[in-house]
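By convention in this document, chain letters (A, B, ...) are assigned in the order of the sequence lines, proteins followed by strands, and residues within each chain are numbered from 1.
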Amino acid sequence: MMHKDEKIWLTLSFGLIMGFMLITGYQTLVLGMGPPSGMDTIDPQAVETTAPFDEPGVYQIGENEYEVVMTLQVFSFDPGDIEIPAGSTVHFTMTSKDVIHGVQIAGTNMNAMVTPGHVQRITQTFSEPGEYLMLCNEYCGTGHQFMATTITVK
Amino acid sequence: MEAVKLNFQDKTNKALGINEEDALITKTYMIVAFTALLIGGTLGLLQGLNRAGLLELPVWFNYYQVLTAHGLLLVLVLTAFFTIGYFYAAMSHSLGGLLPKVRKMAWIGFGMKIVGFVMAVIPILLNQATVMFTFYPPMAASPWFYIGLVFIVLGVWMCAFGAFIQVANWRKNNKGQHLPIISYFATGVFVLLFFGSVPVAIEVLYIIPWSIGWIETINVMLARTLFWAFGHTLVNIWYLTALSAWYVVVPKIIGGRRFSDTLTRLVIILLVIMNIPGGFHHQIVDPGITESVKYMHVFMSLAIGFPSLMTAYAMFSVFEKTARKKGGTGIFAWFKKLPWGDVRFLAPMIAMIAFIPGGAGGIVQSTNQLNQVVHNTLWVVGHFHLTVGTTVVLTFFGISYWLVPYVSKRVLTPKINKLGVITTLIWTAGMSFMAIAMHWVGLLGSPRRTSYTTYADNATALSWDPYLMFLAVGGTLLMVGVILQVYAVVHLMFFAPKGETEFPIADVEDNASKTPMWTESWGRVVVLLLLLVAMGYVIPLVEFIGNAPPGSPPFQTW
Ligand SMILES: [Cu+2]
């Protein structure tokens, strides 16, 4: 009943999907490129008094390695206008003080949701100098289009 | 006696077309659907012009209000009313007329949905529900917005139960027979409509007491997960509706036969079973979900690609066979033998072609790493305008050129057909401008759901502006398309010449193998569906409830 070309097509389709699976698995499990999945929780109404978010800022934790402790709230990132040297690896530790926000740095693969009650973690290495635009990509209210800041890599 | 009666009904159906009362249901549903297209399309144009920086929207009707209403009208009203109106006509046609009880349920459902929409739209217009169609807590709209949503869901359920009663009645009277294929599609769609909207119903019932203030805080991630168990299912319901026209109607219109009946039914079953967990890919970059759960969901989302790839084969096989029978030759030359000048073919055909990049984009979004690159950028909106805006909507347009005259007992004139061809081409051009520009600028990092902004003249943001201009161009073309399409529907419903239009259903091939009876056991399909939903959702929901952070109070940020 099944024609030869139909069998070929179904085999190719199945192979294509399995290929995507294997590549995703390899990236996630072997290369450690899994998606941002911060698992810690926090009281969203007590962000300002909970460490480390009681002191948001940029902290150097090693040679070319920084931690940015950041809160997101309508309609800003705290801290903003970050400066780091070229070649730095930055570990962002983020949470929201109010509604759901999304953080994205144009021109990089850094993109994550930041939801109240959770601590989101994502790491990005900035090899090229320049000014990077960091913006909120989840609608969060009337000033959503103003929610942006920059990361200057020198 | 029973046989004679049925036969008589068959004959009257053939001779007189659809029963007047059944036709009225579909006509009314179509009027609502295309009114929603007109208003929602206009709001879309306003948005496109704003996003390109060409138009400033007034404070009393801002970009986010427009966007909320645009989404609700097009993704919910247009599609839901079209689907239900279409499948009720299909059941009336293929199952020998609607039962009086079922007809009544369709009307009650209609009333509940309209009441619900009015209740949801008024707070949007008053700027008390500018929460987008995803209404993620802890953003909190006026309670009336959510109460409206409850009525919409109840109305949809009413129509789904009506369909189940209609189908069960037919099966009781036609033991041992296969449900006619178009009603088989209807069954799949209504099963998904019911089970897919259960999670959002739970979510909304949880939000209402919180938005009123009876409970203080809400579990944000639980609500978000329940939303997406519903949200993506909905998109695939419209897709399954479009598939019904591709598999059943288009072969008849081009003068061919249907592809394997067994395969068609298998594709429907697979889509019904696998759809609900498919929505999880919206949460790939969310916190609170482990990487291994996300990886399992990549698998569950990608699996939906398989029946789609089967469909691609089936459709092109039907096209080639039919064209060759008409004397088509060569590897590609047979393409010319297809009736390109017939809007009833052209529109769904372009819809199918658009699904090639659309489906590929779906695979991209299901995959962890690619998803992270495009998540919440305009790329996603481009994908959506390809799959829903082009694939689904153009198929619906194509259906309207025979469905509307079928229910209004009129005929499609060559003039309206020509207008339809022009509309289809304008729509295709408009959506191409829009979707290609959105995909591209999304890759460059332009976010979605944001009104016009240059982020204080940031150089990166300014470099996106030329691409955004295409949104204005696309939106303008689409508005022309909307006006022409609405004109055609009104004409076909009230002014076209009287006459008989058939409900086109292609026959299976002469040498077709017998369809196995297991395809008829919907009970088993539902059990499998629930099993897959459990596989996909038990772990994350247990995690979200068991390890829940303190909840969030309501915020109004607009
Ligand atoms: Cu934000």
B/Ile289 side chain near A/Ser37 side chain, heavy-atom distance below 4.5 Å: no

Does some side-chain heavy atom of B/Arg224 sit less than 4.5 Å from a side-chain heavy atom of A/Met113? yes

Separation of A/His118 NE2 from B/Phe544 CZ (nearest 0.5 Å): 5.5 Å

Would you say B/Pro553 and A/Gln45 make side-chain contact, with heavy atoms under 4.5 Å? yes

Nearest 0.5 Å, please: how far is CZ in A/Phe146 from OG in B/Ser451? 7.0 Å

Set out, in order, the CA-CA distance, both residues' side-chain angles and the distance that settles side chain to side chain donor-acceptor pair (under 3.5 Å) for B/Tyr64 and A/Gln145, then state yes or no. CA-CA 11 Å; B/Tyr64 301 110; A/Gln145 69 279 12; 2.7 Å; yes

Heavy-atom distances under 4.5 Å only: say whether B/Leu263 touches chain A with side chain, backbone, both or neither. side chain

Cut-off 4.5 Å, heavy atoms of chain A, and the answer for B/Pro554 is neither

Kindly compute the distance separating CG (A/Asp5) from OG (B/Ser317), expressed to the nearest 0.5 Å. 7.5 Å

For the interface with chain A, which of B/Asn371, B/Thr460, B/Asn368 has the highest count of heavy-atom pairs at distances below 4.5 Å? B/Asn368

Closest contact, heavy atoms only, B/Gly305 versus A/Ile17: C-CD1, 3.8 Å

Could you have a look at B/His375, B/Lys294, B/Gln283, B/Arg449 and say which one has the most heavy-atom pairs with chain A under 4.5 angstrom? B/His375

For the CG atom of A/Leu133 and the CG atom of B/Leu462, what is their distance to the nearest 0.5 Å? 10.0 Å

If you compare all heavy atoms of B/Phe306 against all heavy atoms of A/Leu10, which two are closest, and at what distance to 0.1 Å? CE1-O, 3.7 Å

Taking all non-hydrogen atoms of both residues, which atom of B/Val298 and which atom of A/Met21 are closest, and how far apart? CG1-SD, 3.9 Å

Distance from A/Met147 atom CE to B/Thr453 atom OG1, nearest 0.5 Å? 13.0 Å

Main-chain N/O of B/Leu309 paired with A/Trp9 side-chain donor or acceptor, under 3.5 Å: yes

Nearest 0.5 Å, please: how far is CG in A/Leu135 from OG1 in B/Thr450? 7.5 Å

When the 4.5 angstrom heavy-atom criterion is applied to A/Leu12 and chain B, the contacting part is neither

Need one label for B/Val293: side chain, backbone, both or neither, based on atoms under 4.5 Å from any heavy atom in chain A. neither

So A/His144 and B/Tyr63, do their side chains get closer than 4.5 Å, heavy atoms only? no

Are any of the side-chain heavy atoms of A/Ser13 and B/Met310 separated by less than 4.5 Å? no

Answer with side chain, backbone, both or neither: which region of B/Asp286 has an atom nearer than 4.5 Å to a non-hydrogen atom of chain A? both

Keeping B/Gln372 on the side-chain end and A/Asn109 on the backbone end, is there a donor-acceptor pair under 3.5 Å? yes

Using a cut-off of under 4.5 Å on heavy-atom pairs, state which of B/Pro447, B/Ala456, B/Ser292 scores highest against chain A. B/Pro447

What's the shortest heavy-atom distance between A/Phe20 and B/Leu370, and which atoms? CE2-CD1, 4.3 Å

Would you mind reporting whether A/Pro36 and B/Val285 have side-chain heavy atoms less than 4.5 Å apart? yes

With a 4.5 angstrom heavy-atom cut-off, which part of B/Asn219 approaches chain A: side chain, backbone, both or neither? neither

Side chain from CB out, backbone as N, CA, C, O: work out which of these in B/Thr217 comes under 4.5 Å of a heavy atom of chain A, or both, or neither. side chain

Is there a side-chain contact between B/Thr290 and A/Met39 in this structure, where contact means two heavy atoms from C-beta onward sitting under 4.5 Å apart? yes

Which heavy atom of A/Tyr139 sits nearest a heavy atom of B/Met139, and at what distance? O-CE, 3.4 Å

Checking B/Ala140 against chain A: side chain, backbone, both or neither under 4.5 Å from a heavy atom? neither

Looking only at heavy atoms, which two atoms of A/Thr41 and B/Pro549 are closest? And how far apart? CB-CB, 3.6 Å

Select, from A/Ser96, A/Pro44, A/Ala106, A/Gly143, the one with the greatest count of heavy-atom pairs under 4.5 Å involving chain B. A/Pro44

Student check: side-chain heavy atoms of A/Asn111 and B/Val373 closer than 4.5 Å: no

Flag the one option from B/Leu444, B/Asn547, B/Asn458 with the top tally of heavy-atom pairs under 4.5 Å to chain A. B/Asn458

